[in-house]
Amino acid sequence: MTTLKDHVRGMVNFVHYFDGDLWYCTETNFLFPVPISDIGNAKFMATDRAMLFMRYIRKHMELIGEEA
């Protein structure tokens with residue numbers, strides 16, 4: 001099973017926007033949402049360091065029942 005530590009290594013890539021969420025994918029092919037309501041005035045890039053998204057990755061792992 002892939003762990004949170006595995007997911008936050010490397011980079012994430014923006015995949016699409018749907019229903020108030022920016023969806024990103026890690027290098028381990030883990031797809032997770034970032035609610036635009038959390039963004040405020042922050043800049044979200046098409047590609048960024050996965051470590052910066054740990055909060056969202058962990059939250060989605062818990063939601064879908066993967067081990068965090």
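Keep in mind that what you see is a predicted model, and the values were worked out from it rather than measured. We count residues from 1, following the sequence as given.
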Of all the heavy-atom pairs spanning Thr47 and Met11, show the shortest one and how long it is.
CG2-CE, 3.6 Å
Between the CG atom in Leu22 and the OH atom in Tyr17, the distance rounded to the nearest 0.5 Å is 7.5 Å
Could you walk me through whether Phe44 and Ile39 pass the side-chain contact (heavy atoms from CB on, under 4.5 Å) test, one step at a time?
CA-CA 8 Å; Phe44 277 74; Ile39 294 173; 3.4 Å; yes
Less than 4.5 Å apart, any side-chain heavy atom of Arg55 and any of Asp38?
yes
Say whether, by atom type as modelled, one donor and one acceptor occur between the side chain of Tyr56 and the main chain of Lys59 under 3.5 angstrom.
no
Who passes ring pair (Phe, Tyr, Trp, His ring centres under 6.0 Å) against Phe14, sequence neighbours left out?
Tyr24
Once side-chain hydrogen bond (donor to acceptor under 3.5 Å, both in side chains) is applied, do any residues pair with Arg9, and if so which ones, sequence neighbours excluded?
Asp6
Given a cutoff of under 4.5 Å between side-chain heavy atoms of I, L, V, M, F, W and Y, with clusters grown through shared members, what are the other residues clustered with Leu31?
Val15, Phe18, Trp23
If we only count heavy atoms from C-beta on, is the Leu63 to His60 side-chain gap below 4.5 Å?
yes
Any pair counted as salt bridge (charged side-chain N to carboxylate O under 4.0 Å, His left out), so long as it reaches residues 11-30, sequence neighbours left out:
none
Looking at residues at least two apart in the chain, or sitting in another chain, which of them share a side chain to side chain contact (heavy atoms under 4.5 Å, CB included) with Asp48?
Val12, Met45, Leu52, Phe53
Kindly write out the residues that satisfy side-chain hydrogen bond (donor to acceptor under 3.5 Å, both in side chains) with Ser37, not counting sequence neighbours, or none if the list is empty.
none
Checking side-chain contact (heavy atoms from CB on, under 4.5 Å) for the pair Met54/His7: CA distance, chi angles, key distance, verdict?
CA-CA 8 Å; Met54 185 184 332; His7 292 313; over 6 Å; no
